[in-house]
2 protein chains.
Amino acid sequence: MSTELATYLSRYMPITDELADVLAKSSFVQSYPRATVLLREGERAEKGYFILKGCIRSYILKNGEDKTIEFFIEEESVLPLGLGKDVPSEHFLECLEDTVAVVSTPDQEERTLAEYPQLKTVCLAMTEIMAEKLQVSLARYRTSTPEERYLDLVEKRPDLLQRIPQYQIASYLGVQPESLSRIRKRLSRPTEKK
Amino acid sequence: MSTELATYLSRYMPITDELADVLAKSSFVQSYPRATVLLREGERAEKGYFILKGCIRSYILKNGEDKTIEFFIEEESVLPLGLGKDVPSEHFLECLEDTVAVVSTPDQEERTLAEYPQLKTVCLAMTEIMAEKLQVSLARYRTSTPEERYLDLVEKRPDLLQRIPQYQIASYLGVQPESLSRIRKRLSRPTEKK
DNA sequence: GAATGACATTGATCCAAGTCAAGAACGATA
DNA sequence: TATCGTTCTTGACTTGGATCAATGTCATTC
């Protein structure tokens, strides 16, 4: 059951029991084993995910190099670019761990919204929250060095450092694995010269 | 009058004449001279802008350094982070040119949405478009070098290079003005060695 | 326990961006 | 025209990340 979704939403919006019911009925939960690729470059994005358990990574291949765009963990929404539109995806989605997620499709969502227009308020709120997060991420990334970004990660999402291999963290920070290794070394002995 | 807003929206959504009327009545247009600061760090963000003419820059000050987050031009929406919420803004907004914009405030917007709930669909669509753009920007920025970002700008927004001083373009690309100058030089004589 | 493969660290070298300082180009204005 | 301020360019030097190659570490498996 996906009462978790209702619980989550209720932090941002008052969710009546009826609404919770609607949500539970119009969505379905699915499990994916580790390393499942949910979306490939060039494919049409058909599904959105709300993660209940596990971790999804979004990345692109550029000149054969794997570049991490974002990590998504429990209670986060993964909405691929161009979801439901007839455009080929530029990025990949893969499960880094065994993952359980509420899966939604645009047409199903549309039907639900048509039937329960009140839900649009919730959607609007969620989308706004998402846009805000993106703005913050963009501003942060633009205005910081790899070292600062690493320190930010240590402070704000230490869990990621535990569950994700370092070379993927490096790609997320925008550097090569070797560089992240050196950044860590640098930071580990701050007591030296100057 | 702000029928321009309705015209713009009609590209994404069917806008009835009635809706256009509502929009025109519930918004007002304002002019700002060049260099007007619309929002300062620490202030509460009270207003959103839809630019009819001119250009707005969003930036933050970090260790006394001015870092450009984004440029907004005609037909773009400027929605400050935390708009209407009781949190101090982290960024500044300034007009780079004499600017004319449709100005909206959250409570006014709320009133309009309460009166014309159909508008929520429009809002949702606009917010989704905004979130998409942000996702693309973030992915692009994360996965490219300053040189690539400059080439991207030349290709996709050559107008910005015309109307915005180079040192602000540099800060937008994430480099110092000197570096942008050298990037341009490098690119201008591609016929050499190797 | 030896071999394999995946990940992390280290060293050497290269290059792009940062920094500091000087000058060039340009427009506005006296 | 002379002067001033702003923006852009150039030069010399430093620094941090990229790259390539070697080695270290650890878990898995035969």
Side-chain angles (χ1 to χ4, degrees), chain A residues 33-35 37 55 57 59 61-68 71 94-98 141-154 158 160-190 192-194, chain B residues 33-35 37 55 57 59 61-68 71 94-98 141-154 158 160-190 192-194:
Chain A
R34 184 171 188 286
V37 179
C55 179
R57 182 174 76 104
Y59 63 99
L61 284 186
K62 191 174 174 182
N63 316 327
E65 282 188 275
D66 178 315
K67 310 245 193 180
T68 299
F71 299 109
E94 90 179 324
C95 301
L96 294 185
E97 309 170 354
D98 293 343
Y141 197 90
R142 270 184 185 288
T143 60
S144 58
T145 63
E147 182 170 320
E148 288 170 323
R149 297 199 275 263
Y150 176 72
L151 287 171
D152 220 56
L153 213 57
V154 170
L160 286 189
L161 299 177
Q162 295 311 312
R163 58 202 282 191
I164 291 171
Q166 199 163 306
Y167 72 98
Q168 289 186 349
I169 297 281
S171 121
Y172 180 62
L173 298 177
V175 296
Q176 297 299 316
E178 295 97 324
S179 295
L180 177 53
S181 185
R182 288 184 178 114
I183 288 170
R184 283 158 51 86
K185 197 198 218 179
R186 224 154 59 207
L187 293 171
S188 69
R189 45 151 183 68
E192 235 162 288
K193 73 170 170 185
K194 174 69 205 308
Chain B
R34 185 174 187 285
V37 178
C55 178
R57 183 174 75 105
Y59 64 98
L61 284 185
K62 190 172 174 183
N63 317 326
E65 281 188 272
D66 178 316
K67 310 246 192 180
T68 299
F71 299 109
E94 96 182 315
C95 301
L96 295 185
E97 308 170 355
D98 294 343
Y141 197 90
R142 269 183 188 287
T143 59
S144 57
T145 64
E147 184 170 319
E148 289 170 322
R149 297 199 275 265
Y150 175 71
L151 288 170
D152 219 58
L153 212 57
V154 170
L160 287 188
L161 298 177
Q162 296 311 312
R163 58 203 283 192
I164 292 171
Q166 199 163 306
Y167 71 97
Q168 288 186 349
I169 297 281
S171 120
Y172 179 61
L173 298 178
V175 296
Q176 299 298 316
E178 295 96 325
S179 295
L180 177 53
S181 185
R182 288 181 181 116
I183 287 171
R184 283 158 52 85
K185 197 199 217 180
R186 224 154 57 208
L187 293 172
S188 70
R189 46 149 184 71
E192 233 166 292
K193 74 168 168 181
K194 171 75 206 300

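In what follows, chains carry the letters A, B, and so on, assigned in the order in which the sequence lines appear, proteins first and then strands, with residues in each chain numbered from 1.
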Fill in: Contact list for DNA chain D against residues 142-150 of chain A - heavy-atom distance below 4.0 Å
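The answer is A:Pro146.
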Worksheet item: Would A:Ile164 and A:Tyr172 count as a side-chain contact (heavy atoms from CB on, under 4.5 Å) if you check the C-alpha gap in whole Å, the side-chain angles of each, and the deciding distance to 0.1 Å?
Response: CA-CA 11 Å; A:Ile164 291 171; A:Tyr172 180 62; over 6 Å; no
Student check: side-chain heavy atoms of [X] and [Y] closer than 4.5 Å:
X: A:Glu148; Y: A:Thr145; answer: yes
X: B:Lys67; Y: B:Tyr59; answer: no
X: A:Tyr150; Y: A:Leu161; answer: yes
X: B:Glu65; Y: B:Ser171; answer: no

Worksheet item: Of all the choices, C:dA17, C:dT9, D:dT9, which nucleotide is nearest to the side chain of A:Gln166 once you look at every atom?
Response: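 It is C:dT9.
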Practice prompt. Taking only the side-chain heavy atoms of B:Gln176 (C-beta and beyond), determine which of C:dT9, D:dG17, C:dT19 contains the nearest atom.
Written response: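 Nearest to the side-chain atoms of B:Gln176, counting from C-beta on, is C:dT19.
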Find the distance [X]:[atom1] to [N]:[atom2] and express it as a whole number of Å.
X: A:Ile183; N: C:dT9; atom1: CD1; atom2: C1'; answer: 14 Å
X: A:Asn63; N: D:dA18; atom1: CG; atom2: P; answer: 14 Å
X: B:Tyr167; N: C:dT19; atom1: OH; atom2: P; answer: 18 Å
X: B:Tyr172; N: C:dA17; atom1: OH; atom2: P; answer: 18 Å
X: B:Gln168; N: D:dT6; atom1: CD; atom2: C1'; answer: 12 Å
X: A:Leu180; N: D:dA18; atom1: CG; atom2: P; answer: 10 Å
X: A:Leu161; N: C:dA8; atom1: CG; atom2: C1'; answer: 15 Å
X: A:Ile169; N: C:dA6; atom1: CD1; atom2: C1'; answer: 17 Å

Discussion item. Take a 6.0 Å sphere around CZ of A:Arg163 and say whether it holds more than 12 heavy atoms from other residues, nucleotides or ligands.
Written reply: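 Enclosed: over 12 neighbouring heavy atoms sit under 6.0 Å from CZ of A:Arg163.
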Discussion item. For a quick test of reading the model: is some side-chain N or O of A:Arg186 closer than 4.0 Å to OP1 or OP2 of C:dT9?
Written reply: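 Checking A:Arg186 against C:dT9: no side-chain N or O falls below 4.0 Å of OP1 or OP2.
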Worksheet item: When you check the phosphate oxygens OP1 and OP2 of D:dT9, does a side-chain N or O of B:Arg184 lie under 4.0 Å from one of them?
Response: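 For D:dT9, OP1 or OP2 has a side-chain N or O of B:Arg184 closer than 4.0 Å.
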Discussion item. Give me the atom names and distance for the closest heavy-atom approach of B:Thr68 to B:Gln168.
Written reply: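 Distance-wise, the nearest heavy atoms are OG1-O, 3.7 Å.
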Discussion item. Would you compute the distance between atom OG of A:Ser144 and atom CG of A:Asp152 and round it to the nearest 0.5 angstrom?
Written reply: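 That separation rounds to 6.5 Å.
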Strictly under 3.5 Å: I want the nitrogen or oxygen pairs between protein and nucleotides 10-12 of chain C, one per line.
{"residue": "C:dG11", "atom": "N7", "partner": "A:Arg182", "partner atom": "NH2", "Å": "2.5"}
{"residue": "C:dG11", "atom": "O6", "partner": "A:Arg182", "partner atom": "NH2", "Å": "2.8"}
{"residue": "C:dA12", "atom": "N6", "partner": "A:Arg182", "partner atom": "NH2", "Å": "3.1"}

Worksheet item: Any donor and acceptor pair, going by atom type alone, linking the side chain of A:Arg142 with main-chain N or O of B:Gly174 inside 3.5 Å?
Response: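 Here the side-chain-to-backbone pair does not exist.
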